Protein chains: 2
Amino acid sequence: MESCPTGRHDHHNVYEAGCPCRSLLDLLANKWTALAIGALEDGPMRFGALKQLLGGVSPKMLAQTLRRLEASDLVSRTVYPAVPAHVEYALTDLGRSVAEPLRGLRVWVEHHLDDVLGPDRPRDEVLQPQK
Amino acid sequence: MESCPTGRHDHHNVYEAGCPCRSLLDLLANKWTALAIGALEDGPMRFGALKQLLGGVSPKMLAQTLRRLEASDLVSRTVYPAVPAHVEYALTDLGRSVAEPLRGLRVWVEHHLDDVLGPDRPRDEVLQPQK
DNA sequence: CAGAATCCAATACGATACTG
DNA sequence: CAGTATCGTATTGGATTCTG
């Protein structure tokens, strides 16, 4: 890394065991991250609105997901002093940039679900949580 | 769904709680899936080679990941009768199609890790497994 | 409203040892 | 070689309740 003349080193490798890339990939490869980022693509949203949009998410996991994304500077959190509380989440520039590949994933999933399932495949025996 | 005249219904929505899309997204949003699929992009690989390439993966998780991908028809498994055993994994057509968005993710991660980390951010206090 | 706190179940994951 | 079996830990995730 020190031999890099530019001072930058994009020579990260997700296939390397110890690389911090792994942690970042894990953050994105999470049950709610792709959905949360995607939800914010159309503009800032409040906690409650996110909770409704991400069907089935518990307040706990949503909060945890958002806090992680905030810590990684992918999402910003703005509190508007008021009663009752009003908090808005929005994508940062970095967040907008990761939104693209994540959208690619979501689109693929919605587009190819039928291919994965069948069409003549037993829908309930594929994709079930691993056992 | 029954009202769809074509018999097909690409109207899946990952934001819906009950949609099977969710399970598929979970399959892809897994610690090893993106790496395994990416590894196979350059051609078939054997179990041992995959294990070496995916730094740090345990045989258990690698086998589990591969079995899931096989069940979803993203990866094929071919056994060459020989002693010692010889097994090759390869992407299916469907697997090749999902490889693209996944590559997008890996590339983004490697490319933007430095942005997430800092450049003047305490590398060890961000991205740590959530606490 | 936006979450924090708590409790608990299910799962993911790793290390290791073992087998056809 | 290519896994499986077993064990133990860590993390995920949901349900619920509570508070500023």
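Just so we're clear, the structure is a prediction, and the values are computed from it rather than from any experiment. Both backbone and side-chain heavy atoms feed into the values below; hydrogens, waters and symmetry mates do not. By convention in this document, chain letters (A, B, ...) are assigned in the order of the sequence lines, proteins followed by strands, and residues within each chain are numbered from 1.
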For dG3(C), take OP1 and OP2 only and decide whether either is under 4.0 Å from a side-chain N or O of Y89(A). yes

Quickly work out the N30(B) CG to dG13(D) C1' distance and round it to whole Å. 16 Å

When you compare the side chain of Y15(A) with that of R106(B), does any pair of heavy atoms fall below 4.5 Å? yes

To the nearest Å, how far apart are M45(A) CE and dG3(C) C1'? 17 Å

Assign each of E88(A) and K60(A) to its nearest nucleotide of DNA chain C by heavy atoms, then name whichever residue's nucleotide is nearer the 5' end. E88(A)

Between dA2(C) (P) and M61(A) (CE): distance, integer Å: 19 Å

Within-4.5 Å side-chain heavy-atom neighbours: T33(B) and L69(B): yes

Report which part of the nucleic acid K31(A) touches: base, sugar-phosphate, or nothing (heavy-atom distance under 4.0 Å, all strands). sugar-phosphate

Rounded to the nearest Å, what distance is computed from the NZ atom of residue K51(B) to the P atom of nucleotide dT16(C)? 11 Å

May I have the distance from R67(B) (atom CZ) to dA5(D) (atom C1'), rounded to whole angstrom? 11 Å

Tell me which of D26(B) and A85(A) sits closer to the 5' end of DNA chain D, going by the nucleotide each one is nearest to. D26(B)

Do the side chains of H86(A) and V79(A) get nearer than 4.5 Å, heavy atoms only? no

Looking only at side-chain N and O atoms, does R46(A) come under 4.0 Å of OP1 or OP2 in dA2(C)? yes

In this structure, how many angstroms lie between the P atom of dT4(D) and the CG atom of L62(B), rounded? 10 Å

Rounded to whole Å, CG of L54(B) lies from P of dG14(C) at a distance of 11 Å

Give a yes/no on whether any side-chain N or O of R77(A) is located under 4.0 angstrom from OP1 or OP2 of dG3(C). yes

When every non-hydrogen atom of S76(B) is compared with those of T92(B), the smallest separation belongs to N-CG2, 3.8 Å

Kindly indicate whether the side chain of C21(B), heavy atoms from C-beta on, has any atom under 4.5 Å from the side chain of N13(B). no

Value in whole Å for how far the P atom of dC13(C) lies from CG of L66(B): 13 Å

Closest to side chain of A63(A), choosing from dA4(C), dA12(C), dC1(D): dA4(C)

On the nucleotide dC13(C), are OP1 or OP2 found under 4.0 Å from the side-chain N or O atoms that R22(A) carries? no

